[in-house]
Participant: 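My questions will all concern the structure given below.
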Protein chains: 2
Amino acid sequence: MQPRRADGVREALEQMIVTGELTNGERLDETSLAERFGCSRTPLREAFQSLAASGLLDLVPHRGAFVRHPGLTDMVEMFEVMAELEAYCGRLAARRVSAADLAALRETVIACEDAAAASDHDRYYAENERFHHLIYAASGNGFLAEQARQLHRRLKPFRRLQLRVRGRLDQSLAEHRAILAALEAGDANAVSEALRGHIAVQGGKFNDLMASYKSSHLNAGK
Amino acid sequence: MQPRRADGVREALEQMIVTGELTNGERLDETSLAERFGCSRTPLREAFQSLAASGLLDLVPHRGAFVRHPGLTDMVEMFEVMAELEAYCGRLAARRVSAADLAALRETVIACEDAAAASDHDRYYAENERFHHLIYAASGNGFLAEQARQLHRRLKPFRRLQLRVRGRLDQSLAEHRAILAALEAGDANAVSEALRGHIAVQGGKFNDLMASYKSSHLNAGK
DNA sequence: GTCAACCATTTTGTATACAAGATATCCATT
DNA sequence: AATGGATATCTTGTATACAAAATGGTTGAC
C-alpha cells in the first residue's frame, strides 16, 4: 500500500483505520507516515483534516492526530441512527420508488440469494450494499441519501463482521425479501418498519455485534 | 476579519460562505485569500479539506475549491432530514430526559418569551438554539446529538431569516411550549410529532422559506 | 530524595520554493 | 475567417525549510 499519488492517501489512511491496522488512540506520526506513503507531510496533513471531519481522527492542536475508533457505545448509537435513517429512506421510497428501481432491487435480491447459497460473504456484502444504496437513492431526497451512504460506509467494517455470524446471512436475505415486498406493495409503514428492524441492534443481534466488536481489535487502548 | 491564527481560518471562511459574502459556484483563489487572511496557502488548503467534508465546498482536483451553496431543493431536503432527526431526538428524550434537563428547557422557554415580547430576534434565536441543543443532548445518543447539531448549524442562516417573518416568532414560541409540555408528560409520540411539525417545511412555511431563500442572495451563479 | 525549573529534542504548524497540470493566447494552416 | 495546435502563463499540488510549541530529560535547589 504505497500510494504515490495524494488522492489515495486519504483512502489508504481510512482503510488502515477501519481495518484496525491503526489502533484506537494511536498517534499518527506525520514524518514516518509520509515516508511510508512516499510523500511529504503536506498531503498527509490535508488527509488528516478530511478524516477528522469524518470523525475517524481526533485532531488536537500542537499534539497531533489520534485514531478514533468508535467504542461499543458509539457503535450502538450509530446503528440506532442508521436504523432511523434507513427507515425514513424506506418510508419515502415506498411512495417514490420507480419501476426501474424495483427491477434493480429485485436483481440484487437474486444476486444476494446466489451469494448466500454459495456462502460467498464478500459477494453477499457487495450486493447487500447495492440493495441499500438503491433504497437510499429511491428516497428521492439526495441529501438524505448522502447522509445514509456516509453512515453506512462508516459502519461497514462492523456490518461485515456481523454478517459472518452463522445464520445471519439467511436472516438478512429474508429481511431483504420482506423489504422488497413491502416496497412493491407501496406500504410505507411496512417498508419503514422492516428496514428499521433490519438495521436495528436488538435482541440477539446485540450479542453478535458485541462479539464482532471484540474480535475486531479496534478497541485497543480504550 | 483577519485571523492571524490558522484555527480561525476555517471559521472565517465558513462565515464568509454562509453569509453569502462568497457567492455560489465562486472559485476560491488560494493566493488572494491567503493574502487577505495574512497567512500562507498551507493553512488555507487544510481549511478547504475540512469545509469540503462539511459540504460547503466542492474540491475539484487541479481546478480549485468552489463555493457550494444549497439550492432551494437542497434546503428543503435538509429541512426534511432535520425534522426527522429532531423528531427522533424528541422520541428518545421523552424517555430519557432528566429533571435538570427539563428545568433548563423551561428556562429557555421563558427566555424565549422575553425575547419574543421584546421582538429581539437575535436573542430569540440564541435561546431557540439552546432549546434545541438541550433536546439533542437529552436524547441520550451522543452521535445523534452531534449529527443534529451539525445539520442545525448548516441550516442556521436560513432559519434565522425564517424567524424574521411576521408572526413566526410567536408561532415558534407556542410550538416550544407544546414540545416542553409533551416532554414533561413523557408522551414520546407527542414530542416527536410536535418537533417534526416545528421543523418541517410545510404549508405556509414553504413560502416563507422560499422568500427568505431568494432574499439571501446565496443562489447567485445557479 | 523529591520537586521544580531550565534546556535539548522532538513534533506540529506555517511559509516558501518548486513541480505538474490546466487554461488561455497566439500563430500557423486550411 | 475559422480551426487546430503549440506555447506561455497561471493555478494547483507537493516538497522542503523554518518557526513555534510541547515533551522529556537533566540539573540544581530545598
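Atoms considered below: every heavy atom in the structure, side chains included; atoms not considered: hydrogens, waters and symmetry mates. Every chain is numbered from 1, with letters handed out A, B, ... down the list of sequences.
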Participant: Will you find, in the side chains of A:Glu86 and A:His132, an N or O donor that is under 3.5 Å from an N or O acceptor?
Facilitator: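 On atom types as modelled, these side chains qualify, holding a pair under 3.5 Å.
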Participant: Can a donor-acceptor pair be found between the side chains of A:His133 and A:His152 at a distance below 3.5 Å?
Facilitator: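 On atom types as modelled, these side chains do not qualify, holding no pair under 3.5 Å.
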Participant: Short question: side chain of B:Thr19, backbone of B:Gln15 - any donor-acceptor pair under 3.5 Å?
Facilitator: yes
Participant: Rounding to a whole Å, what distance do you find between A:Leu44:CG and D:dG13:P?
Facilitator: 16 Å
Participant: In this structure, how many angstroms lie between the C1' atom of D:dT12 and the CZ atom of B:Phe48, rounded?
Facilitator: 11 Å
Participant: Could you pull out the protein-nucleic contacts involving nucleotides 8-11 of chain D (nitrogen or oxygen on both sides, under 3.5 Å)?
Facilitator:
unit_1, atom_1, unit_2, atom_2, d
D:dT11, O3', B:Arg27, NH2, 3.0

Participant: Nearest whole angstrom, please: distance from the P of C:dT12 to the CD of A:Glu46.
Facilitator: 16 Å
Participant: Just jot down the side chain to side chain donor-acceptor pair (under 3.5 Å) partners of B:Gln150, sequence neighbours excluded, or say none.
Facilitator: none
Participant: Between the side chains of B:Ser50 and B:Arg10, does any donor sit under 3.5 Å from an acceptor?
Facilitator: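 Looking only at side-chain atoms, B:Arg10 and B:Ser50 do form a donor-acceptor pair, the distance falling under 3.5 Å.
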Participant: How about B:Ser172 and B:Glu175: does a side-chain donor come under 3.5 Å of a side-chain acceptor?
Facilitator: no
Participant: Under a 3.5 Å threshold, yes or no: a donor from one side chain and an acceptor from the other, between A:Asn128 and A:His176?
Facilitator: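 On atom types as modelled, these side chains qualify, holding a pair under 3.5 Å.
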Participant: Nucleotides 16-18 of chain C: which of its N/O atoms have a protein N/O under 3.5 Å away?
Facilitator:
unit_1, atom_1, unit_2, atom_2, d
C:dT16, O4, B:Thr42, OG1, 3.4

Participant: Not counting sequence neighbours, which residues clear side chain to side chain donor-acceptor pair (under 3.5 Å) with B:Asp58? List them please.
Facilitator: B:Arg68
Participant: Considering only heavy atoms, which members of residues 52-61 of chain A lie under 4.0 Å from some atom of DNA chain D?
Facilitator: none
Participant: Scan side-chain atoms only and decide if A:Tyr124 and A:Ser119 contain a donor-acceptor pair under the 3.5 Å cut-off.
Facilitator: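 No.
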Participant: Table please: side-chain donor-acceptor pairs of residues 94-105 of chain A below 3.5 Å, with sequence neighbours left out.
Facilitator:
unit_1, atom_1, unit_2, atom_2, d
A:Arg96, NH1, A:Ser139, O, 2.7
A:Ser98, OG, A:Ala100, N, 3.4
A:Ser98, OG, A:Asp101, N, 3.1
A:Ser98, OG, A:Asp101, OD2, 3.0
A:Asp101, OD2, A:Ser98, N, 3.2

